[in-house]
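Below you'll find the structure, written out as C-alpha cells, and then a few comments.
Order of the sequence lines sets the chain letters (A, B, ...), proteins ahead of strands, with each chain counted from 1.
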Number of protein chains: 2
Amino acid sequence: MELRLLGYAVAIAEAGSISGAARRLHLTQPTLSRQLSEMERQLGIKLFVREGRGLTPTQAGQVLVRRAATVLAEAEAALKDVQLAAQGMTGRLTVTFAGSGSTDRSVAR
Amino acid sequence: MELRLLGYAVAIAEAGSISGAARRLHLTQPTLSRQLSEMERQLGIKLFVREGRGLTPTQAGQVLVRRAATVLAEAEAALKDVQLAAQGMTGRLTVTFAGSGSTDRSVAR
DNA sequence: GTGCTTTACGGTATTCGTAACAATC
DNA sequence: GATTGTTACGAATACCGTAAAGCAC
C-alpha cells in the first residue's frame with residue numbers, strides 16, 4: 001500500500017465522490033475509479049459504498065481514511081524535516097568557516 | 001515519495017550497504033542502487049555517503065531514516081487496524097445475533 | 001582477486017487517459 | 001438530459017533483472 005493510494009482514498013472521502021476527488025487530484029474519473037477498485041482488491045475490503053450519486057465510506061473505510069490522513073501528514077512533515085536537516089548542514093558549515101579556531105571542523109557531510 | 005522508497009532507505013541504513021539491504025529485500029543490487037539514486041535526485045539531497053565498502057547516512061539521511069521508520073510503522077499499524085475494523089464489523093454482527101436485546105451494541109473499534 | 005557500487009539495456013508491470021457503456025437523479 | 005461510476009483498450013511511465021564496467025580493500 002503506497003502513500004499515493006492513501007491520498008486517493010482521503011480525497012475521495014473528503015469530496016464525497018470520485019469525480020470530485022479526481023478534479024482535485026488532477027486525474028480523470030476512470031483512473032481514480034480503477035485505483036480505488038485496485039486498492040479494495042488489495043486489501044480484500046470494501047472501503048466505500050456506492051450509493052446513487054456519490055459514495056460514503058464503510059466503517060473500515062472510515063478507519064482507513066482517518067489513519068491515512070495521519071500517515072500522510074507525518075510523511076509530509078518528515079520530508080520537510082529532511083529538507084531542513086539538509087539546509088541546516090549548509091548553515092552549520094557556513095558558521096564553521098566563519099568560526100575562530102576550533103580543532104574539529106568535521107561536519108560529516 | 002512512496003512508502004516503498006522509504007523502506008528501501010531504512011533497509012540500506014540498517015544493513016550498512018546496498019548489497020546487504022538488497023538481499024534482505026529480495027532485490028538485486030543494481031535495482032536498489034538505482035532506486036536510492038532516484039530518491040536522492042527527487043529530494044535534491046544526498047542521503048548516504050559512499051565510502052569504500054558500504055555507505056553511511058548523512059545527517060539528512062539519518063533524519064529521513066528515523067522519521068521513515070515511524071511512518072512505515074504507523075502505516076502498517078493503520079492497515080492492520082483497517083483489517084480489524086473490517087473483521088470487527090462481521091464480529092459485531094455475530095454478537096448482535098447472539099445478544100439479548102440492547103439497543104446500541106456499537107464498539108467504535 | 002574479492003566485494004561493493006554504478007551505468008546501460010531490455011522486459012515486464014503499473015499507471016494514466018480516451019472512449020464507450022450503465023446507472024442515478 | 002446531465003452527472004456519476006464502471007469497463008475496455010492503448011500509450012506512457014516506472015520498476016526490476018541481467019550484463020558489463022569502475023573502485024576500494
Show each protein N/O and nucleotides 11-19 of chain C N/O combination with a separation under 3.5 Å, one pair to a line.
{"unit_1": "C:dT15", "atom_1": "OP1", "unit_2": "A:Arg4", "atom_2": "NH2", "d": "2.6"}
{"unit_1": "C:dC16", "atom_1": "OP1", "unit_2": "A:Tyr8", "atom_2": "OH", "d": "2.8"}
{"unit_1": "C:dC16", "atom_1": "OP2", "unit_2": "A:Gln35", "atom_2": "NE2", "d": "3.3"}
{"unit_1": "C:dG17", "atom_1": "OP2", "unit_2": "A:Thr28", "atom_2": "N", "d": "3.2"}
{"unit_1": "C:dG17", "atom_1": "OP2", "unit_2": "A:Thr28", "atom_2": "OG1", "d": "3.3"}
{"unit_1": "C:dG17", "atom_1": "OP2", "unit_2": "A:Thr31", "atom_2": "OG1", "d": "3.1"}
{"unit_1": "C:dG17", "atom_1": "N7", "unit_2": "A:Thr31", "atom_2": "OG1", "d": "3.1"}

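Contact of the A:Leu36 side chain with the A:Glu40 side chain is registered, since non-hydrogen atoms from C-beta on lie closer than 4.5 Å. Within the 4.5 Å cutoff, no side-chain heavy atoms of B:Arg67 are placed close to those of A:Val82. Within the 4.5 Å cutoff, the side chain of B:Leu64 has heavy atoms near those of the B:Met39 side chain.
When every heavy atom of B:Ala21 is checked against every heavy atom of B:Ala15, the shortest pair comes out as N-CB, 3.5 Å. When every heavy atom of A:Ala60 is checked against every heavy atom of A:Ile45, the shortest pair comes out as CB-CG2, 3.7 Å. Of all heavy-atom pairs between A:Val65 and A:Ala13, the closest is CG2-CB, 3.7 Å.
First and last contacts of DNA chain D with chain A, using any nucleotide atom under 4.0 Å from a protein heavy atom and ordered 5' to 3', fall at D:dA2 to D:dT7.
Mapped onto DNA chain C by nearest heavy atom, B:Gly16 and A:Glu51 fall at different nucleotides, with B:Gly16 at the one closer to the 5' end.
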- After noting the C-alpha distance and the side-chain angles of B:Leu47 and B:Ile12, does the key distance pass the side-chain contact (heavy atoms from CB on, under 4.5 Å) rule? CA-CA 11 Å; B:Leu47 296 175; B:Ile12 291 173; over 6 Å; no
- Message: Show, in sequence, the C-alpha distance, side-chain angles and deciding distance for B:Leu32 and B:Tyr8, and conclude whether the side-chain contact (heavy atoms from CB on, under 4.5 Å) test is met.
- Response: CA-CA 7 Å; B:Leu32 195 52; B:Tyr8 289 172; 3.7 Å; yes
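More than 12 heavy atoms of other residues, nucleotides or ligands shown are found within 6.0 angstrom of CD on B:Glu2.
Partner A:Val10 forms a side chain to side chain contact (heavy atoms under 4.5 Å, CB included) with one of A:Leu72, A:Leu5, A:Val71 and no other, that one being A:Leu72.
Base engagement by A:Arg53 is indicated by at least one non-hydrogen atom pair under 4.0 Å involving a base atom. Note on A:Gly54: only backbone sugar-phosphate atoms sit closer than 4.0 angstrom, heavy atoms only; bases stay farther off. B:Ser19 comes within contact range of the sugar-phosphate backbone alone, with a heavy-atom separation under 4.0 Å but no base atom that close.
The bend of the helix from C:dG1-D:dC25 to C:dC25-D:dG1, defined by the angle between the axes of its first five and last five pairs, stands at 30° to the nearest 10°.
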